[in-house]
Amino acid sequence: MTESVPLYNRMDDATTAEISKVLNWQWLKYGVVLRGDGVGVKVTLDLFRRVVQEEMAKIERELGEEKLRCGMNREACKIFTRQCTVTTLDDILTLDAYNNIVIHHPKAPSSL
């Protein structure tokens with residue numbers, strides 16, 4: 001992106017998610033070995049799914065089951081996981097999310 005306008009911290013969040021998606025997709029596609037602890041762990045689909053589950057469990061502990069159920073975190077996780085594990089990298093992560101927002105909130109007034 002050459003230009004962007006952050007609104008309510010969401011542009012930073014979307015950009016971070018996009019970078020994370022591309023990194024995870026590349027790591028899975030090329031079987032990258034992570035050497036952060038000096039041991040070396042190969043990125044596999046099994047490892048990816050386990051880490052996603054662990055992160056969702058952390059989010060649930062932080063938010064609580066009720067807030068997690070009412071929010072879109074699980075749907076966001078499904079979108080992220082799907083886009084990280086497809087054969088051909090999708091263009092933009094947020095397009096799937098925008099489609100979901102429009103479906104769930106088609107008449108929501110703009111806050112701008």
Identify whether the distance between the nearest side-chain nitrogen and carboxylate oxygen of E54 and K58 falls below 4.0 Å. no

Flag the pair D96 and R82 as a salt bridge only when some basic side-chain nitrogen lies within less than 4.0 angstrom of an acidic carboxylate oxygen. yes

Give the cluster check for [X] versus [Y]: same hydrophobic cluster or not, with ILVMFWY residues linked at side-chain heavy-atom distances below 4.5 Å.
{"X": "I79", "Y": "I92", "result": "no"}
{"X": "L28", "Y": "I19", "result": "yes"}
{"X": "V22", "Y": "W25", "result": "yes"}

Nearest 0.5 Å, what's the [atom1]-[atom2] distance between [X] and [Y]?
{"X": "T44", "Y": "W27", "atom1": "OG1", "atom2": "CH2", "value": "13.0 Å"}
{"X": "R74", "Y": "M56", "atom1": "CZ", "atom2": "CE", "value": "6.0 Å"}
{"X": "E18", "Y": "L23", "atom1": "CD", "atom2": "CG", "value": "10.5 Å"}
{"X": "C84", "Y": "K29", "atom1": "SG", "atom2": "NZ", "value": "14.0 Å"}
{"X": "T81", "Y": "N24", "atom1": "OG1", "atom2": "CG", "value": "9.0 Å"}
{"X": "Q83", "Y": "L95", "atom1": "CD", "atom2": "CG", "value": "8.0 Å"}

Between R49 and E55, is a salt bridge (charged side-chain N to carboxylate O under 4.0 Å, His left out) present by the stated rule, with each step listed? CA-CA 10 Å; R49 291 187 193 283; E55 292 303 312; over 6 Å; no

